[in-house]
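Notes for the one structure printed next.
Throughout, a chain's letter reflects where its sequence line sits, starting with A, and its residues are numbered from 1.
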Number of protein chains: 2
Amino acid sequence: MSPAAGRRPRADALRNRERLLAEADAVFREHGTDAPLESVARRAGVAIGTLYGHFPTRRALVGALLRERNEALFEAGDTLRDQTPGEALRRWVDLVVTHAATYRGLAAMLADGADDEASELYASCARMADIGERLINRAVTAGVVRADVTGADIFALMNAGAWTREHASAEQAARLVAYTIDGMLKP
Amino acid sequence: MSPAAGRRPRADALRNRERLLAEADAVFREHGTDAPLESVARRAGVAIGTLYGHFPTRRALVGALLRERNEALFEAGDTLRDQTPGEALRRWVDLVVTHAATYRGLAAMLADGADDEASELYASCARMADIGERLINRAVTAGVVRADVTGADIFALMNAGAWTREHASAEQAARLVAYTIDGMLKP
DNA sequence: ACCTGAACACCGTTCAAGT
DNA sequence: ACCTGAACACCGTTCAAGT
């Protein structure tokens, strides 16, 4: 039971929360999202119980991180309206693939995160999927992309691309994504 | 230190090895390749040390399993010579994607398995990559596929497809693979 | 030559006791 | 209201002792 319903949180609690997020970001960047939570707590200078008090699951912690870090990504996604429909789609997928690879293991969490609507991750997933869907609809309407391509296809491609980046290389992931998008274009 | 250099293994050792492989197959099918090795040993009726004696790492155990189970897959790959180059490529990727998804978590092991040449998994990976490369070369020579598509692209596509099957659905994986191969075809 | 299982290490998660 | 850290559970891996 973390922060009470109506009250504003205590000052030290808020500071601990911030430190936990900052150290989690550093640890996940270096060791991936499967890194020991104990090391996050230690680096933040709090006991392990404090971490669980703020973030009851690993998903919740990653979700809170993305909530902040993804703002820039979403804004970039909105500026893509200026590009041609096909180019906007390409750049959006590339943006997300690059971004999702900041933490090793994140691609899997995002792919699974579309499931449980309760998790904080779901919000980020949904928003990413939304932008992708809007871009796809625009491209379909403009007649540059096959009519049968769905938003789910784009979401799957983003995750597969991020995963390939983790397990092969950025170059290989870029090649795969490029071929797939070419295949989605009108013949 | 498992079976001695020149000698043939003891009868009970051989039987234990077989039972371990059989139970590992069952457990991995049900719970994925990350399932507790302890449960494999217990089901096989041996102590955990015996499992480690036969298979020093999880990779070695999975590698030994694939060595046997992949025979049918490789034979199927060889019969694809009868198909048209493009169709053969499609069917091969679909075959591997379906096959690689029998154990949850296998896609990741295969993708990483191309690294350490010592592991038993490497043999399976190499052979899968080889067949893919032969099919790609044939398709390129026939002029139905872009000249810049590599065997590594096919290997990456197989793994990404298998992973998508694990984390989304068989249908979604099939769609993604289909678009990617379309994008590899000559314009 | 092979098997056993206790022993150790490591990490996740909870919760009674503190402030 | 929040924090602490011991306690418990679970699994990986090794290795001395057995047969």
Side-chain angles (χ1 to χ4, degrees), chain A residues 1-24 27-28 30-64 103-105 108-109 112 116 118-119, chain B residues 1-24 27-28 30-64 103-105 108-109 112 116 118-119:
Chain A
M1 213 108 10
S2 313
R7 290 240 172 287
R8 55 193 286 257
R10 233 163 59 180
D12 60 338
L14 226 151
R15 212 188 48 221
N16 282 339
R17 198 191 129 90
E18 289 313 310
R19 286 211 59 187
L20 281 167
L21 283 172
E23 297 303 332
V27 170
F28 289 166
E30 195 171 357
H31 303 287
T33 55
D34 286 334
L37 294 182
E38 167 66 39
S39 71
V40 173
R42 199 184 323 122
R43 286 181 52 155
V46 301
I48 184 64
T50 303
L51 186 150
Y52 277 92
H54 285 276
F55 309 102
T57 67
R58 190 181 291 269
R59 299 188 69 81
L61 178 53
V62 174
Y103 306 145
R104 192 157 26 86
M109 298 192 79
D112 296 341
D116 49 339
S119 83
Chain B
M1 213 104 15
S2 313
R7 288 244 173 286
R8 55 193 288 256
R10 233 164 60 181
D12 60 339
L14 225 151
R15 213 188 47 219
N16 282 340
R17 198 190 128 90
E18 290 312 311
R19 288 211 57 186
L20 281 167
L21 283 174
E23 298 302 332
V27 170
F28 288 165
E30 195 171 357
H31 302 288
T33 54
D34 285 335
L37 295 182
E38 167 66 41
S39 69
V40 173
R42 200 182 324 122
R43 287 180 53 152
V46 300
I48 183 63
T50 304
L51 186 150
Y52 278 92
H54 284 277
F55 309 103
T57 67
R58 191 182 291 269
R59 300 189 68 83
L61 177 53
V62 174
Y103 307 146
R104 192 156 28 86
M109 298 192 78
D112 297 342
D116 47 341
S119 83

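- Under the 3.5 Å distance criterion, the side-chain polar atoms of B:Arg58 are matched with a main-chain donor or acceptor of B:Thr33.
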Which dot-bracket string fits DNA chain D when only Watson-Crick or G-U wobble pairs with both atom distances under 3.5 Å count, crossing pairs get [ ], and | stands for a partner on a different strand? ||.|||||...|||||.||

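- Rounded to whole angstrom, the span from the CZ atom of A:Phe55 across to the C1' atom of D:dC3 amounts to 15 Å.
- Between A:Asn16 and D:dC3 there is a side-chain polar atom (N or O) within less than 4.0 angstrom of OP1 or OP2.
- Within the structure, a side-chain polar atom (N or O) of B:His54 is placed less than 4.0 Å from OP1 or OP2 of C:dC3.
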Restricting both atoms to N or O, compile the protein contacts to nucleotides 11-14 of chain D shorter than 3.5 Å, with distance only.
residue	atom	partner	partner atom	Å
D:dG12	OP1	B:Arg58	NH2	2.6
D:dG12	OP2	B:Leu37	N	3.2
D:dT13	OP2	B:Tyr52	OH	2.8

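- Here the side chain of B:Arg43 pairs no donor or acceptor atom with the backbone of B:Arg19 at under 3.5 angstrom.
- Rounding to the nearest 0.5 Å places CZ of A:Arg17 at 15.5 Å from CZ of A:Arg10.
- Rounded to the nearest 0.5 Å, atoms CG (B:Leu14) and NE2 (B:His54) are 8.5 Å apart.
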Residues A:Leu61, A:Leu21; criterion side-chain contact (heavy atoms from CB on, under 4.5 Å); working and verdict: CA-CA 8 Å; A:Leu61 178 53; A:Leu21 283 172; 4.1 Å; yes

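- The distance between atom CG of B:Leu51 and atom P of C:dT4, rounded to the nearest whole Å, is 11 Å.
- The side-chain heavy atoms of B:Tyr52 and B:Thr57, taken from C-beta on, include no pair separated by under 4.5 Å.
- For the atom pair CD (B:Glu23) and OG (B:Ser39), the distance works out to 9.5 Å, reported to the nearest 0.5 Å.
- Distance from the side chain of B:Arg10 is smallest for C:dC3 among the nucleotides C:dG5, D:dT4, C:dC3.
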CA sep, side-chain torsions, deciding dist, call: B:Val62, B:Phe55, side-chain contact (heavy atoms from CB on, under 4.5 Å): CA-CA 9 Å; B:Val62 174; B:Phe55 309 103; over 6 Å; no

